[in-house]
2 protein chains.
Amino acid sequence: MEPHAHSHSHLHPSLDWQQHTLATLSDAGHRKGGARNAVVELLAAQDCALTAQEIDDRLRDGGRAVGRASVYRVLELLTELRLVQKIEVGQGIARYERHQPDGDHHHHLVCDNCGTIEPFEDPSLEEAIEQVSRRLSFAVDEHDVVLHGACSDCREQ
Amino acid sequence: MEPHAHSHSHLHPSLDWQQHTLATLSDAGHRKGGARNAVVELLAAQDCALTAQEIDDRLRDGGRAVGRASVYRVLELLTELRLVQKIEVGQGIARYERHQPDGDHHHHLVCDNCGTIEPFEDPSLEEAIEQVSRRLSFAVDEHDVVLHGACSDCREQ
DNA sequence: AGGGCTGCGAGACTGGTTCTCATCTAGACT
DNA sequence: AGTCTAGATGAGAACCAGTCTCGCAGCCCT
């Protein structure tokens with residue numbers, strides 16, 4: 001499905017992620033499967049989080065329809081293996097995005113007016129979270145910051 | 001379920017909150033109503049966030065059953081008036097807790113194993129979030145930090 | 001006291017997510 | 001290559017938090 005992109009440069013993080021993901025799945029004793037591959041390939045090509053519905057739709061549009069159940073199954077599996085991060089910003093809809101192996105990640109701004117979601121990142125915020133995590137009796141291994149407000153479009157109206 | 005704790009000292013912030021809430025509702029032009037009062041009274045007595053289901057159940061157990069729709073209506077109204085904060089920590093279930101007028105608030109630790117939710121607070125984390133908020137093109141007016149991990153009970157097993 | 005408008009509650013409905021189960025297939029074993 | 005079996009898949013039913021509808025009740029103003 002990808003006739004070009006054959007330079008095996010490890011410059012592109014999404015390729016790294018896809019290979020790392022498939023390898024991890026294999027190591028964990030999972031067989032190969034069409035649905036799983038399709039979901040992994042799609043996630044590798046995204047910059048920000050997608051909903052399960054969006055994943056399902058895009059795969060269908062791409063000519064590789066996958067059962068609803070399989071989409072959720074794969075996402076749950078990948079989340080357990082920490083290959084994907086599940087994000088819930090509200091409205092009762094979960095979103096999923098690939099979890100970078102290098103720990104690099106971002107958080108999300110949610111416009112409570114139009115529902116838009118934008119990523120942002122901030123090193124000192126990460127630092128603060130890390131410090132908090134250390135002093136708690138909790139074994140923190142994931143965190144999620146969600147800022148609610150009005151996006152630049154909605155605030156001026 | 002709490003037979004004591006009925007001293008009417010104004011030292012207790014929950015009483016302040018309850019009065020402030022009822023006054024704000026009145027100022028906003030709302031009439032009094034049994035369901036609303038029941039929900040407000042229940043929320044005032046809580047230390048941490050409750051789900052709509054829990055609110056419904058406790059009111060029913062307390063002999064003041066309230067319609068599902070009313071619970072959600074009241075919570076939505078209170079959230080709009082910033083008297084209550086709506087929190088979504090995952091599992092697609094929203095939780096609600098009173099929003100302190102003095103701005104004092106906490107965030108949440110979620111145990112992904114047993115589902116327990118614990119509050120925590122950290123001034124320097126608040127500071128970091130405030131700084132980030134300022135430099136974004138977003139008009140941030142609410143934030144939410146969720147740490148996922150294993151609680152002290154679950155980590156040792 | 002009357003009357004209109006707000007608040008309330010029961011139940012139908014929606015939509016995201018999970019469950020069930022029959023079928024298919026990857027990969028190991030002969 | 002053929003067989004076998006557990007894991008993978010997909011269609012649809014089931015589930016459940018949350019929303020909507022609508023008729024009734026009660027608050028409050030005149």
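Each chain gets a letter, A, B and so on, in the order the sequences are listed, and its residues count up from 1.
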Rounded to the Å, how far apart are [X] [atom1] and [N] [atom2]?
| X | N | atom1 | atom2 | result |
| --- | --- | --- | --- | --- |
| A/Glu88 | C/dT17 | CD | C1' | 11 Å |
| A/Glu80 | C/dT18 | CD | P | 11 Å |
| B/Lys32 | C/dC8 | NZ | P | 12 Å |
| A/Ile87 | C/dT17 | CD1 | P | 13 Å |
| A/Leu50 | C/dG16 | CG | P | 15 Å |
| A/Leu78 | D/dA8 | CG | P | 12 Å |
| A/Glu54 | C/dT17 | CD | C1' | 16 Å |
| A/Arg95 | C/dT17 | CZ | C1' | 16 Å |

Is the distance from OP1 or OP2 of [N] to the nearest side-chain N or O of [X] less than 4.0 Å?
| X | N | result |
| --- | --- | --- |
| B/Arg64 | C/dC8 | no |
| A/Gln53 | C/dG15 | no |
| B/His30 | C/dT6 | no |

Is the base of D/dA8 touched by the side chain of A/Arg36 through a donor-acceptor pair closer than 3.5 angstrom?
->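 For A/Arg36, whose side chain was compared with the base of D/dA8, there is no donor-acceptor pair (under 3.5 Å).
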Could you check B/Gly33 against B/Tyr96 and say which one's nearest nucleotide on DNA chain D is further toward the 5' end?
->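 Taking each residue's closest nucleotide, the earlier one in sequence belongs to B/Tyr96.
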Would you mind telling me which residue lines up with the more 5' stretch of DNA chain D, B/Gly34 or B/Gln91, judged by nearest nucleotide?
->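 First, find each residue's nearest nucleotide; the 5'-ward one identifies B/Gln91.
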Matching residue for A/Gln131 among A/Arg135, A/Arg134, A/Glu127 - test: side-chain hydrogen bond (donor to acceptor under 3.5 Å, both in side chains) |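 Going through the options one by one, the only one that passes is A/Glu127.
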Give me the one residue out of A/Gln53, A/Arg58, A/Arg60 that meets side-chain hydrogen bond (donor to acceptor under 3.5 Å, both in side chains) with A/Asp56.
->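 Running side-chain hydrogen bond (donor to acceptor under 3.5 Å, both in side chains) over A/Gln53, A/Arg58, A/Arg60 with A/Asp56 returns exactly one hit, A/Arg60.
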Mind listing the residues from residues 65-73 of chain B sitting with a heavy atom below 4.0 Å of DNA chain C? Number order is fine.
-> B/Ala65, B/Val66, B/Gly67, B/Arg68, B/Ala69, B/Ser70, B/Arg73
Identify the heavy atoms of B/Phe120 and A/Val132 that sit nearest to each other, and give their distance.
->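 So the two residues come closest at CE1-CG1, 3.6 Å.
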Any side-chain donor-acceptor pair under 3.5 Å between A/His143 and A/Glu126?
->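 Indeed, the side chains of A/His143 and A/Glu126 share at least one donor-acceptor pair under 3.5 Å.
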Taking for each residue the nucleotide of DNA chain C with the nearest heavy atom, is it A/Gly92 or A/Arg31 whose nucleotide lies nearer the 5' end?
->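 On the 5' side of the pair lies A/Gly92.
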Determine yes or no for a side-chain-to-main-chain donor-acceptor pair under 3.5 angstrom, with A/His106 supplying the side chain and A/Pro119 the backbone.
->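 Checked: no pair found.
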Applying the side-chain contact (heavy atoms from CB on, under 4.5 Å) test to B/Arg95, which of B/Leu50, B/Ile55, B/Ile117 qualifies?
-> B/Ile117
When rounded to the nearest 0.5 angstrom, what is the spacing between NE2 in B/His148 and NE2 in B/His108?
->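 Between atom NE2 of B/His148 and atom NE2 of B/His108 there are 12.0 Å.
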